[in-house]
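These notes concern the structure reproduced below.
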Amino acid sequence: MYTVCQKCGKKLTDPESMRRGYGPECWSQISGISTADSCGSGSEADLPGQMTIFDFPDAVPDGGQNG
């Protein structure tokens with residue numbers, strides 16, 4: 001268990017942050033996962049504007065053909 005953030009040195013008070021060793025802001029920068037994402041609310045498919053691999057060919061001009 002950590003009492004200060006291993007990145008910025010701020011005091012940690014949340015048990016989850018103390019377990020990780022990083023506060024929520026530093027954790028989101030390091031892991032690429034925001035604290036809202038870690039709550040498990042929704043899925044990637046529910047994000048506005050999210051593309052799937054099947055959408056990509058339609059987004060590239062000329063169907064992605066080179067030359």
Side-chain angles (χ1 to χ4, degrees):
M1 291 278 267
Y2 296 89
T3 57
V4 296
C5 178
Q6 300 299 295
K7 183 172 187 231
C8 71
K10 289 183 181 177
K11 182 179 178 183
L12 300 174
T13 57
D14 179 64
E16 179 67 19
S17 296
M18 293 172 77
R19 184 188 63 76
R20 281 192 309 242
Y22 297 95
E25 293 87 12
C26 293
W27 179 248
S28 66
Q29 291 173 3
I30 292 169
S31 68
I33 301 171
S34 72
T35 53
D37 291 342
S38 65
C39 294
S41 59
S43 68
E44 288 184 10
D46 296 336
L47 297 175
Q50 182 73 30
M51 292 178 67
T52 67
I53 194 159
F54 302 108
D55 298 325
F56 183 72
D58 297 330
V60 178
D62 300 324
Q65 300 298 320
N66 291 331

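Any value given below was found using the heavy atoms of this structure, including those in side chains, with hydrogens, waters and symmetry copies removed.
Applying the side-chain contact (heavy atoms from CB on, under 4.5 Å) rule to Gln29 yields the partners Lys7; only residues at least two apart in sequence or on another chain are considered. Under the side chain to side chain donor-acceptor pair (under 3.5 Å) criterion, Gln6 pairs with no residue, sequence neighbours left out.
In plain terms, the two heavy atoms of Cys5 and Tyr22 that are nearest each other are SG-CA, 3.8 Å. The two residues Met18 and Thr13 come nearest to each other via the heavy atoms SD-O, 3.9 Å.
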